[in-house]
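Below: the structure, in structure tokens.
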Amino acid sequence: MPQFTPIIIASENGRQGCEAAMRILRNGGSALDAVEIACRVVEDDPHEHSVGYSGLPNVLGDVELDASIMDGRTLRTGAVAGVLHYGNVISLARRVMEELPHVLLVGRGAERFAAEMGMQPSEQRSFEALRRWRERFDDAGIAELNGIPLRELAKQMTRPVNLVDRVDHGTVNFIALDRHGNLASAVSTSGLAWKYPGRVGDSPIVGAGNYCDNRYGAAACTGMGELAIRVSTARSLVLYMKIGMSLQEAGMEALLDLDYLQAQPGQYMNIVALTPDGDHAGFTSVPGKQYLYFEANMDEPALAERKVMSKE
Ligand code: ASP
């Protein structure tokens, strides 16, 4: 049985998660355990405001979380979306995969399942973004958002200059290869800040924001989730490798798919990808973005540039 050199790759905000995951991978642990732990570390970080229960609120001020996990060996996957009150949604997604005959649970059902699994609800943590959110609505003389139409607010949110002067969002991606040659991927997020309640992004949509197959590779996304949903970005990249493209070619093809959508200024998509033999790359539709990689023979995670599309 050939031994593989373990590796984990991540979005830029995944440094501490990579370190926790590498301890598991170096001890011969599974890629699936590694990506779950990595996500939990980021979800638990009170300073990380795009993931977990310190995440960004929706337009009503509630933090609604999404997550998915995928096992590249079996193609089993679990996901949750629009979850209130529970911070470690990646573990909830894994329980969906392992305990239910389903793939995706949303909202009240997901929260009920979390309680059934003995998970402890967590308090939404107050933070800077929530304070700014309140100030804006106080300034506008909007005392009570419940019951008023929210669609104009949700539309403004996606504009480059929006209610809070910028689009706030973020997600964490992890993809790991373990010693046994198994791949796994995990994605966790609070989604787009100030989103319409119930809005679901790409992170829990397997094929859009997350996909993993031992035979061809894995990909995961951060950025404006609506874009990745419309062109199935993660699955497409893996499929392009299946039909014979190199990792670089597959990433460029996925960026080309995104380019066709003519996203509004300020809207972008980032991808990280890993092959079954440990080659990795990052791609982005806007210049200047990075990702992390951490091989078992390195001392610490390192940053690498994400590639942008060349239009010639
Ligand atoms: N992709 C996430 C979403 O659309 C947000 C992000 O990655 O910034 O929910």
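Just so you know, ligand 1 is whichever comes first in the structure, and atom 1 is the first atom listed for that ligand.
- Ligand 1 places these atoms under 4.0 Å from at least one heavy atom of Thr222: 7 (O).
- Judged by the 6.0 Å and 45° rule, Lys289 forms a cation-pi pair with Tyr268.
- For the pair Gly201 and ligand 1, the shortest N or O to N or O distance does not fall below 3.5 Å.
- Note on Met22: it clusters hydrophobically with Val35, by side-chain heavy-atom contacts below 4.5 Å among ILVMFWY residues.
- Residue Gly191 approaches ligand 1 through these ligand atoms, each under 4.0 Å from one of its heavy atoms: 9 (O).
- A heavy-atom distance below 4.5 Å is not found between the side chains of Glu36 and Phe174.
- Short contacts between ligand 1 and Asp202, defined as distances under 4.0 Å to a heavy atom of the residue, involve ligand atoms 1 (N), 2 (C), 3 (C), 4 (O).
- The protein heavy atom nearest to atom 7 (O) of ligand 1 is Thr171 OG1, 2.5 Å.
- Heavy atoms from other residues, nucleotides or ligands lying under 6.0 Å from CZ of Arg108 number 12 at most.
- Distance from atom 9 (O) of ligand 1 to its nearest protein heavy atom, with residue and atom name: Arg199 NH1, 2.7 Å.
- On a distance-only criterion, Glu226 and ligand 1 share no N/O pair closer than 3.5 Å.
- Criterion: ILVMFWY side-chain heavy atoms under 4.5 Å apart, direct or through other members. Under it, Ile9 and Val41 are not part of a common hydrophobic cluster.
- Here Arg94 pairs with Asp33 in a salt bridge; the nearest charged N to carboxylate O distance falls below 4.0 Å.
- Remark: minimum distance from atom 8 (O) of ligand 1 to any protein heavy atom is reached at His169 ND1, 2.4 Å.
- Taking 4.0 Å as the cut-off, Gly170 counts as a neighbour of ligand 1 on heavy-atom distance.
- An N or O contact shorter than 3.5 Å is missing between Met224 and ligand 1 by distance.
- Remark: Arg230 does not engage Glu226 in a salt bridge, criterion side-chain N to carboxylate O under 4.0 Å.
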